[in-house]
Each structure stands twice: as C-alpha cells, then as structure tokens.
Amino acid sequence: MYIKELASAEGGTASLQGWVANKRESKGIVFLVLRDGTGFCQCVVALDQVGPEVFEKASGLTMESSVKVNGRVVRDERQVGGFELQADGLEVYQVAEEYPISKKEHGVDFLMDNRHLWLRSSRQWAIMNIRNTIIYSIHRYFQEQGFLQMDAPIFTGNACEGTSNLFETDFYGDPAYLSQSGQLYGEALAMAFGRIYTFGPTFRAEKSKTRRHLSEFWMIEPEMAFYDIFQNMEVIEGMLHHVIRDVLATNRRELELIGRDTAILESSLKPFPRMTYDEAVRIIRGEQDVNGVNSIASLREELTAATARLEAVQQEIAEREAGLAKPGMKKGEIAFHQGKILQLRKEQDDLEEDLRNIPQWIESAENFQYGNDFGGSDETVLTRLFDVPVMVYDWPHEVKAFYLKRNPDDQSKARGVDVLAPEGYGEIVGGGERETDAEKLKQKIVEHELPMEAFEWYLDLRRYGSVPHSGFGLGLERVVTWICKLKHVRESIPFGRMYGRLLP
RNA sequence: UCCUCGAUAGCUCAGCUGGUUAGAGCGAGCGGCUGUUAACCGCUAGGUCGUUGGUUCGAGCCCAACUCGGGGAGCCA
C-alpha cells in the first residue's frame with residue numbers, strides 16, 4: 001500500500017514500504033516519519049504494542065533507513081497526510097549509513113553536490129510533483145485539441161539562430177550541434193500535420209550564471225498552420241490557464257508545503273494583458289502608468305522601503321547579539337536567538353542585493369533606448385506592475401529572429417510575442433508568426449550571415465504551399481520556477497545542467 | 001568575457017582596529033525523558049581556517065595570484 005491511499009484503509013490495517021525521513025524518540029516510544037514517494041506518514045512504534053525485539057529495531061533506525069511497517073491506520077488531523085500508522089510489525093531492509101543531509105539548513109553548493117539525495121526531501125518532492133502535473137497538463141491540453149506530439153532531432157547540422165551558444169559534438173567526423181530549438185523542424189511538421197507540438201530537451205552553451213539559466217532544459221514548441229499571431233496568443237494563454245488550473249486543482253498540498261501564496265496563480269486565470277512593444281517601452285520609461293502605478297515612482301518607493309528595512313534588520317541583529325553576549329541564557333533560548341540571527345542575516349543579504357539592483361533598474365528604465373531588446377531588469381520593471389503574465393508583441397525586427405513575419409501595417413516591426421511572468425520571473429515564452437515569403441527569408445538569412453545551404457530545406461516549406469503559421473517555445477523549467485515561486489531554476493529540474501555543474 | 005560578494009568542524013555560521021589554548025548551533029556517539037512535529041535536557045568526540053606566495057616580531061584576519069562557489073551584466077526559454 002502507498003501512503004497516498006491510506007484514507008481507504010482508515011480503521012483497518014496497512015503495510016507501508018519506504019524510507020525513514022525523520023525519527024523522534026522517547027522512552028518506550030519511537031516516531032518514524034516514513035516517506036514512500038507518494039507522501040509522508042508518521043508511524044508510531046510503542047514498546048508495549050510491539051515488544052522489546054521490534055522496538056529495539058525501530059530505535060536503532062537511522063535517517064533514510066529502508067523499512068516495511070505494518071500497523072493500524074488511524075486518522076490524526078495533526079499529521080501532514082491526515083493519518084498515522086500505529087505499528088505492530090517492522091521489517092528492516094537496511095539501516096542506512098550516516099545521512100549527509102540533516103534537518104537543518106544547507107548551502108546551495110552542498111545541496112547540489114548531493115542532488116541525488118536532496119530530491120528525497122519534502123520540498124523537492126513537492127516541486128517535482130508540481131513539475132509532473134505541469135508536464136501532464138501540457139500534454140493533455142494539446143492532445144485534447146488534436147495536436148500531434150512530434151519529436152525534433154537533437155543532433156542538428158545547422159544553427160537556428162546563430163552558432164555562438166551551441167554545444168558542438170562529433171557526428172561521424174563532422175561537426176554537429178545539440179539542438180537549441182526544434183522550431184524549424186516544428187514548422188516542417190506543421191506543414192505536414194497541421195498542428196503539432198514538440199516536447200524535448202534543448203541545449204544552450206551560454207556561460208550564464210544567473211537564477212534563470214540552464215545549459216540543458218525542456219522546451220515545449222507548438223507550431224500551428226493557418227494561425228496568425230493573435231490566434232497564437234490565444235493558444236499560449238489557453239495553455240497556461242490550463243496548466244495553472246490543473247496545478248491548483250491537484251497540488252494544493254504541495255503548494256502549501258513550499259509556502260507558495262496561490263493568490264497570484266488564481267489571478268493569472270484572468271486574460272493576459274496584450275501590449276505592443278511601443279506600449280511596453282512607455283510603461284518601462286514611466287511615461288505611461290498601469291492602474292495608476294508608475295514604474296519609476298514605485299521603484300523609488302521600494303528603494304526607500306528596503307533601506308528602512310535594512311536598518312531595522314541590522315539593529316535587530318545587533319540587539320540579539322548583545323543579548324547573547326550576556327551570560328545566563330538558557331540553551332534553548334540561545335538556539336532560538338541564533339536561529340533568528342541567521343534568518344535576519346539572510347534577509348540582510350537579500351536587502352543588500354535589492355539595494356544594489358534597484359538603482360540599476362531605475363537607471364536602465366529611465367534610459368531605455370527605443371529599439372533595444374528588453375534586458376532582465378527591463379522585464380522586471382515591467383512585470384512588477386502586473387499580477388498576471390504579460391504578452392508583448394510587435395518588436396523591432398532587428399532584435400528578433402530571422403524567421404519572424406513583419407507586421408504588414410508597419411514593416412519596422414516583427415510579429416514576435418514574448419510572455420513575461422509576473423513577480424520578476426521574466427520571459428517564459430517566446431514565439432510569433434513566421435515569415436511566409438521565401439525571398440524575404442533569404443534576405444534575412446544573408447543579413448544574419450547564416451549559411452544559406454543549411455536552410456534550403458527550410459526554404460522549401462515556403463516553395464511548396466506556403467501558408468500563414470505561428471508557434472512558440474515554452475521553457476518548462478521557467479514555468480515550474482514561476483508557479484512554485486522558486487529562487488532559482490536549478491530546483492525546478494531533477495538534475496540541472498548549468499555552467500560549472502555536470503555532476504551528479 | 002566583465003562586474004560584485006564569498007570560501008573557518010560532516011552541515012549552517014560567528015570570530016572586533018592583526019596578538020598567545022579558533023567558538024556556537026545542528027548532525028554523530030553515549031546517557032535521560034510515553035505523544036513528539038526541525039522534539040527536548042546532559043556529556044563526549046570532531047579544525048593543516050580553499051591553494052600558493054608575500055607583508056609582519058606575530059596572519060583565520062592585511063596584500064597578490066590562482067581554484068571553486070553565490071549573485072548580476074551580456075545572451076536567452
């Protein structure tokens with residue numbers, strides 16, 4: 001039986017197999033928190049119930065020891081899953097060696113070195129369950145509408161958008177690259193099957209060390225024949241609504257466990273604001289307000305607030321340290337204050353980071369040059385003003401990919417669309433309507449100095465029955481990161497690959 | 001590639017303007033306690049202060065280079 005199914009055995013008996021996630025012990029009673037992958041359940045081993053032999057075994061268990069526990073299923077509202085198991089039998093598979101991950105806090109580097117074990121912790125369990133819901137939800141959304149899931153190759157001979165950030169490998173003596181996008185293949189598939197989506201790994205050899213970059217990540221790339229950019233936006237919004245609704249419906253417990261405030265997720269079920277690049281620029285520069293809020297003014301307010309908070313935090317740290325310096329404090333009290341100080345120092349670090357960042361955001365927002373692509377700070381400045389993802393379309397064609405169609409009414413704009421997640425998460429989707437004219441494409445390929453011969457097959461798509469079509473790419477990990485409100489993408493994927501991280 | 005912050009016990013951190021035997025909590029081991037939720041209380045063990053070189057009577061602390069890591073810029077999903 002699995003922990004998830006305990007409700008069906010209430011009042012009866014159950015046999016659980018799993019790992020010891022936590023243990024607390026008193027004379028005559030041992031509390032084992034068992035973890036089996038489907039959930040967590042406290043098992044109570046009482047000396048007078050099981051006898052000295054079994055009790056001795058329970059008492060000798062270490063963290064992450066593997067066991068089988070038989071017992072009575074009792075409802076107990078104090079427990080996470082709502083049930084506990086009152087043991088009458090215990091079988092030990094293995095008494096684990098000293099487990100490196102303790103119940104206290106750890107640093108990122110240590111945890112990443114132990115990622116294979118870190119995944120067992122409740123927070124990671126919750127995140128991975130949400131990731132699973134998101135993946136399943138995306139498949140369901142497209143499958144139910146009749147899209148075909150198709151796979152683009154991972155080895156590619158040509159670069160989709162330039163070669164600078166590609167991983168090069170050896171393909172029987174010829175250079176080959178790991179795919180940085182399946183999009184061009186997606187377009188070929190859409191011309192064959194109408195509406196398709198790819199769902200696969202993508203590789204970017206960017207030496208970026210930021211909280212939103214991975215070298216290997218999973219991308220969903222739908223491509224639809226006969227769709228224009230506005231229909232494309234409908235699909236993006238529909239898909240994200242579907243995903244958010246599914247996560248809210250199936251992962252309430254997990255969201256609570258990781259402390260995710262669901263208010264913004266609920267409000268993201270509203271229609272997403274759609275604005276042109278021009279309008280977004282006016283908002284970033286503070287020339288246009290959003291619901292009465294001005295970007296620059298609100299940044300200034302935040303800067304003031306952060307400065308005041310930092311002073312308060314520093315003062316509290318000083319006070320608590322002074323208190324600790326005095327003799328005669330009880331051990332528990334000392335531990336309490338030390339814990340507080342640790343928390344405050346973390347907050348201090350975060351505030352200091354804000355104080356470094358915000359002035360830069362203000363500067364870059366005030367001096368934003370019309371015609372440029374948005375940087376990370378510009379996205380933050382814009383999305384802070386919304387509680388839903390924002391869709392920005394019609395970008396200056398110079399900053400966007402060669403395959404995007406121009407706005408027929410304004411040739412300076414390309415029909416690309418970026419979806420920017422709120423709360424500072426930035427770009428989660430990039431897409432647009434594709435150029436249909438072979439000659440215009442050729443011209444762009446020349447301008448971008450791309451090897452024409454590698455794109456001949458792509459140009460064929462415009463020679464034989466060219467049609468309007470659109471699509472987009474969704475970064476799975478960025479969506480997981482936003483929905484779970486994680487500080488870093490590395491927690492959104494089982495084994496993240498990024499600059500400086502290849503093991504485990 | 002650039003900017004910025006950091007590296008002290010198994011883990012998370014403290015260590016004042018350079019000063020003699022480097023501290024705490026957690027974890028581990030032992031003991032105590034029938035209901036705990038990061039349980040609690042007592043005791044014990046545990047350190048070549050990232051590496052190399054320099055300054056100094058004296059370096060965990062100052063300087064330089066390197067290595068590794070955090071955050072950011074660029075680039076992007």
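All of these numbers come straight from a predicted model, not from anything done at the bench. By convention in this document, chain letters (A, B, ...) are assigned in the order of the sequence lines, proteins followed by strands, and residues within each chain are numbered from 1.
Remark: ring of A:Phe31 not stacked against base of B:G35; the cut-offs of centroid gap under 5.5 Å and plane tilt under 30° are not jointly satisfied.
The interatomic distance linking A:Phe55 (CZ) with B:C33 (P) rounds to 12 Å, in whole Å. The nearest whole Å value for the distance from the CG atom in A:Asp109 to the P atom in B:U67 is 17 Å. The nearest whole Å value for the distance from the NE2 atom in A:His213 to the C1' atom in B:G70 is 16 Å. Taking atom NZ of A:Lys23 as the reference point, atom C1' of B:G27 lies 13 Å away to the nearest angstrom. Atom CZ of A:Phe472 and atom P of B:C76 are 20 Å apart (whole Å).
Contact annotation: A:Asn22 side-chain N/O to B:A39 OP1/OP2 distance is under 4.0 Å.
Consecutive Watson-Crick or G-U pairs involving RNA chain B, each under 3.5 Å on both distances, make up stems of three or more pairs at B:1-7 with B:67-73, B:10-13 with B:23-26, B:28-32 with B:40-44, B:50-54 with B:62-66.
Applying the 3.5 Å distance criterion, the base of B:C76 shares a donor-acceptor pair with the side chain of A:Arg478.
Note on A:Arg501: nothing from the nucleic acid sits closer than 4.0 angstrom, heavy atoms only. Residue A:Glu84 is classed as a base contact, given a heavy-atom separation below 4.0 Å to a base. As judged by a 4.0 angstrom heavy-atom cut-off over every strand, A:Glu477 is placed among residues making no nucleic acid contact.
Listed candidates were B:A39, B:A73, B:G72. Nearest to the side chain of A:Arg212 is B:A73.
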For a quick check, with a 4.0 angstrom heavy-atom cut-off, what is the B/S/- contact string for nucleotides 1-11 of chain B, read 5' to 3'?
B---------S
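Residue pairs that meet the ring pair (Phe, Tyr, Trp, His ring centres under 6.0 Å) test with at least one member in residues 343-376 of chain A, sequence neighbours left out, are A:Tyr277-A:Tyr370, A:Tyr277-A:Phe374, A:Phe368-A:Phe374, A:Phe374-A:Trp395.
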